[in-house]
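So the structure is just underneath, and the comments pick up after that.
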Amino acid sequence: MLLYIAKMDMKEDQKYLWWHKGVVYQIYPRSFQDSNGDGIGDLRGIIQRLDYLQWLGVNAVWLSPIYPSPMADFGYDISNYTDISPLFGTLNDFNDLLEAIHSRGMKIILDLVPNHTSDQHPWFLESKSSRDNPKRNWYIWKDAKPDGTVPNNWLSVFGGSGWEWDEDTSQYYYHAFLKEQPDLNWRNQEVQMAMLDVMRFWLDKGVDGFRVDVMWHMIKDELLRDNPPNPDYQPYMSTYEQLLPVYSTDQPEVHEIIRKMRDVLDSYDERMMIGEIYLPIAKLVTYYGIDNKEAHLPFNFLLIDLPWDARQIALAIDQYEGALPAGGWPNWVLGNHDRPRISSRVGIQQARIAAMLLLTLRGTPTIYYGDEISMKDVPIPFEEVQDPQGLNMPEKNLSRDPSRTPMQWDDSANAGFTVGKPWLRIDKSFKRENVRIQKNDPYSMLTLYRRLIKLRQSEPSLMAGIYKPVQSDSQSIAYIRHEEGYPAFMTILNLSHRPCYFTSGNVRFTGVIELATSPELEGLSVSDQISLSGDEGIIIRLEQYV
Ligand code: NOJ
């Protein structure tokens with residue numbers, strides 16, 4: 001039996017670095033804060049809002065791409081890896097931002113997009129200039145089949161074939177995304193060296209880490225073999241899903257590349273790498289690498305991909321925990337700029353439960369900007385759609401614009417985001433749903449997020465303790481977090497709208513409710529049997545448990 005008498009001081013534990021302990025916040029720079037009235041967010045705007053992020057309690061900020069770009073894919077098509085897009089500011093603005101973030105004790109993570117460049121990048125312009133250009137082999141060029149058709153059946157994630165014909169040099173080039181985003185040839189040593197130099201450029205400036213775009217795409221089958229058909233394809237799915245991308249993604253050689261990237265990071269102090277990888281758990285965890293020498297945090301998208309179902313989520317948490325390699329650190333995320341927002345997916349009441357889950361599970365949480373004020377997907381009229389994924393497959397409802405709308409700061413014009421015309425329309429709810437109003441509301445989503453972050457950051461068990469599943473059924477999930485020598489916590493979440501009973505099974509415990517979706521419950525003593533309202537979540541400070 002464990003008995004806790006008093007809260008102990010936080011022990012300085014070198015086992016845990018900033019990216020183990022911290023909460024990451026993703027900013028989509030176009031939509032965070034505009035400082036110059038052009039309707040597009042920028043770096044000076046982010047600087048203006050750092051006090052807010054500090055108040056919220058997050059520890060690291062990840063910025064979606066801010067580099068020069070024709071913006072065919074809103075910055076994921078980079079034309080210069082070592083500068084800042086004039087839309088967002090200058091390198092000086094960036095230096096000021098970096099300094100302002102660091103002076104607040106926070107960290108900055110940049111998006112690195114190594115799989116592809118813009119078709120306007122000088123590397124590609126050279127590569128396509130002639131077949132014997134020294135950079136020809138920096139990209140994936142291939143002759144047409146004898147009948148003139150594409151070299152293989154690979155598809156673009158954004159619709160259509162993955163191959164684009166170049167009239168001038170009479171060859172196809174491969175692009176996993178837009179034709180304006182040609183894939184680099186990572187089998188080429190010069191490409192590898194050039195991208196590792198890009199990393200060094202930003203690391204030398206003091207950037208704390210990278211979120212690496214589509215890490216599992218980076219190297220392709222050397223023989224460019226056809227992908228097999230997907231037997232589970234349904235017409236509502238994106239056209240890309242017609243095939244299983246077994247030859248165009250997740251190739252064994254990718255691990256060698258990631259290790260090289262990791263070596264660069266390891267030659268600095270405490271820098272880190274998050275990998276964007278949409279793969280099943282068993283494959284995802286291989287991206288930690290042998291001896292954990294690849295990505296520090298291969299992004300875990302389980303809470304984005306799974307249906308909002310207590311049993312399935314509880315099972316997936318256990319499977320993920322069980323699949324992690326020794327020493328591999330978990331991570332969790334509810335949303336990002338590519339996926340529907342959590343409040344739209346599960347509803348606002350369950351989004352509160354999701355926040356509790358995100359911030360009490362074991363592993364680094366990443367919060368998508370605006371989720372902390374329960375921003376919803378915003379309907380964008382057809383003629384205002386900007387996202388190429390939405391434009392290319394209009395009948396499939398795949399536009400990502402709805403989850404990229406401007407941050408709702410206050411009830412002034414354009415929600416305080418810009419004095420100009422916002423690049424994407426702002427949700428009509430902004431007068432009711434904004435940071436300023438929610439800051440002063442003890443029942444708001446923002447208050448809930450802030451309190452959860454604070455609790456997580458002040459309690460070693462929640463920050464770093466082990467995860468012990470307690471019970472789950474068709475409505476609820478319960479688990480304990482415990483770091484030896486510190487008070488343990490049990491989280492019980494009702495993932496349904498109906499009341500439920502929780503019985504703790506083999507675990508006996510007593511404790512006091514520390515934080516609840518209904519703050520009225522806080523301070524109540526509880527033990528083995530608890531009844532919860534629909535959409536209720538509680539975090540119990542355990543006095544004892546066996
Ligand atoms: C993943 C990014 O998150 C997404 O926004 C982008 O469109 C693709 N990679 C292509 O870079």
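Just so it is clear, the values below take in all heavy atoms, side chains as well, and ignore hydrogens, waters and symmetry mates. Just so you know, ligand 1 is whichever comes first in the structure, and atom 1 is the first atom listed for that ligand. Given the structure is predicted, the values throughout are model-derived calculations rather than measurements.
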Atoms in ligand 1 with a heavy atom of [X] nearer than 4.0 Å:
| X | result |
| --- | --- |
| R400 | 4 (C), 5 (O), 6 (C), 7 (O) |
| E276 | 1 (C), 3 (O) |
| D73 | 6 (C), 7 (O), 8 (C), 10 (C), 11 (O) |
| H337 | 2 (C), 3 (O), 4 (C), 5 (O) |
| R211 | 2 (C), 3 (O) |
| F158 | 7 (O) |
| H116 | 10 (C), 11 (O) |

With a heavy-atom distance limit of 4.0 Å, tell me whether [X] approaches ligand 1 through its side chain, its backbone, both, or neither.
| X | value |
| --- | --- |
| M215 | neither |
| Q389 | neither |
| Y278 | neither |
| R404 | side chain |

Indicate whether the side chain of N80 and that of T82 have a donor and an acceptor atom separated by less than 3.5 Å.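 Present: a donor and an acceptor within the cut-off.
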[X] and [Y] aromatic centres sub-6.0 Å:
| X | Y | answer |
| --- | --- | --- |
| Y52 | W409 | yes |
| H121 | Y81 | yes |
| H175 | F124 | no |
| W423 | F74 | yes |

Could you work out, with side-chain hydrogen bond (donor to acceptor under 3.5 Å, both in side chains) as the rule, every residue matching R345, not counting sequence neighbours?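 Applying side-chain hydrogen bond (donor to acceptor under 3.5 Å, both in side chains) to R345 gives none.
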Give the residue, atom name and distance (to 0.1 Å) of the protein heavy atom nearest atom 1 (C) of ligand 1.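 Result: D213 OD1, 2.9 Å.
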How close does the nearest protein non-hydrogen atom get to atom 3 (O) of ligand 1, and which residue and atom is it?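 That would be D338 OD2, 2.5 Å.
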Atom CE of M237 with >12 non-hydrogen neighbours under 6.0 angstrom: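 Yes, the 6.0 Å shell around CE holds more than 12 heavy atoms from other groups.
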Other residues, nucleotides, ligands: >12 heavy atoms within 6.0 Å of E395 CD: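 For E395, atom CD is crowded (more than 12 foreign heavy atoms under 6.0 Å).
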Residues in ring pair (Phe, Tyr, Trp, His ring centres under 6.0 Å) with F430, at least two apart?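 Listed in chain order: nothing, the list is empty.
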Please confirm whether H175 comes under 4.0 Å of ligand 1, counting heavy atoms of the residue only.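 The answer is no: ligand 1 sits nowhere under 4.0 Å from a heavy atom of H175.
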